[in-house]
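To start, the structure itself, in structure tokens.
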Amino acid sequence: TEDGTVGPEGPQSGPSALAEVSDLVVTGRIIRFEQGRLYDIGGPPIRLVTVVFAVDDAVVGELPADSDGLIYVELGASTNQMLEGIAPAIDRTFPFTVPYRFALYLLDASEGLYSSLTVDPDAGRPEGQPLWYAPWREGVAIENGEGGVLRPVVRDEVSGVTLAEYLPPN
């Protein structure tokens with residue numbers, strides 16, 4: 001919001017404000033999709049998607065000491081919107097073979113809004129690996145290879161900005 005607080009859309013002051021409320025900020029590349037956790041919120045259960053990223057750099061926070069070098073990111077309600085937003089920039093073959101770089105602003109999914117409603121809390125990743133999620137619309141960005149950054153959930157593109165410029169200063 002204008003006063004610098006965090007609203008449902010996330011911080012509105014750019015990468016630095018977003019990083020301040022994130023547990024982990026990384027750059028990386030999608031390597032595959034996994035079947036994610038199953039949620040029972042009343043009515044038909046909802047199966048989410050876990051996207052597996054190879055981490056290039058941890059910009060804010062650190063990967064756990066026993067990390068396998070990958071991060072497992074759960075995509076929830078906006079999954080379809082995000083994948084539709086990515087589609088124009090990436091060939092949607094599985095697994096991805098196009099090396100687009102992502103910037104991700106993440107929170108620990110074990111403390112997520114619906115974490116207590118999971119039927120299979122360890123799904124979507126190897127045993128002992130943490131699960132993350134990107135709760136803010138601006139928390140997922142893709143380097144488009146044409147001198148800009150695509151934000152698929154927001155459904156916009158920031159021209160003339162590199163992925164490095166979309167990250168908080170070190």
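Predicted model, so just to flag it, every value in this text is computed and none were measured.
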### All salt bridge (charged side-chain N to carboxylate O under 4.0 Å, His left out) counterparts of Glu143, not counting sequence neighbours
Arg101
### Message
Rounded at 0.5 Å granularity, tell me how far CZ in Phe53 sits from CG in Leu70.
### Response
11.0 Å
### Residue pair Leu63, Leu24: steps toward the side chain to side chain contact (heavy atoms under 4.5 Å, CB included) verdict
CA-CA 8 Å; Leu63 295 177; Leu24 184 66; 4.1 Å; yes
### Task
Kindly state each residue pair satisfying salt bridge (charged side-chain N to carboxylate O under 4.0 Å, His left out) with at least one member in residues 117-135, sequence neighbours excluded.
Arg47-Asp120, Asp122-Arg125
### Message
Tell me the closest heavy-atom pair linking Val60 and Ala19, and the distance in Å.
### Response
CG2-CB, 4.1 Å
### Task
Indicate yes or no for a side-chain donor-acceptor contact from Asp23 to the backbone of Asp108 under 3.5 Å, with no hydrogens or angles considered.
yes
### Message
Could you measure the distance from the CD1 atom of Ile142 to the CD1 atom of Ile30? Nearest 0.5 Å is fine.
### Response
7.0 Å
### Summary
Nearest heavy-atom contact between Gly124 and Thr50 is O-CG2, 3.1 Å
#### Entry: Path from Leu38 to Val73 over hydrophobic side-chain contacts below 4.5 Å
no
### side chain to side chain donor-acceptor pair (under 3.5 Å) against Glu157, all qualifying residues, sequence neighbours excluded
Asn144
### Task
Check Val26, Val51, Val55 against Leu104 for a side-chain contact (heavy atoms from CB on, under 4.5 Å) and give me the one that passes.
Val26
### Query
Roughly how far, to the nearest 0.5 Å, is CG of Leu106 from CG of Leu18?
9.5 Å
#### Entry: From Arg37 atom CZ to Leu117 atom CG, the distance as rounded to the nearest 0.5 Å
10.0 Å
### Summary
Residues pairing under side chain to side chain donor-acceptor pair (under 3.5 Å) where one sits in residues 64-73, two or more places apart or in two chains, turn out to be Asp68-Tyr72
Side-chain donor-acceptor contacts of residues 161-168 below 3.5 Å, not counting sequence neighbours, with atom names and distances?
| from | atom 1 | to | atom 2 | distance (Å) |
| --- | --- | --- | --- | --- |
| Thr162 | OG1 | Ala164 | N | 3.4 |
| Thr162 | OG1 | Glu165 | N | 3.2 |
| Thr162 | OG1 | Glu165 | OE1 | 3.3 |
| Glu165 | OE1 | Thr162 | N | 2.7 |
| Tyr166 | OH | Glu138 | O | 2.6 |

### Partner set under side chain to side chain contact (heavy atoms under 4.5 Å, CB included) for Glu20, not counting sequence neighbours
none
### Message
Looking at every heavy atom in both Pro169 and Ser16, which two are closest together, and how far apart are they?
### Response
CD-OG, 3.3 Å
### Message
Please report the interatomic distance CZ(Phe102) to CZ(Arg29), rounded to the nearest 0.5 Å.
### Response
10.5 Å
### Query
Roughly how far, to the nearest 0.5 Å, is CH2 of Trp132 from CD1 of Ile71?
8.0 Å
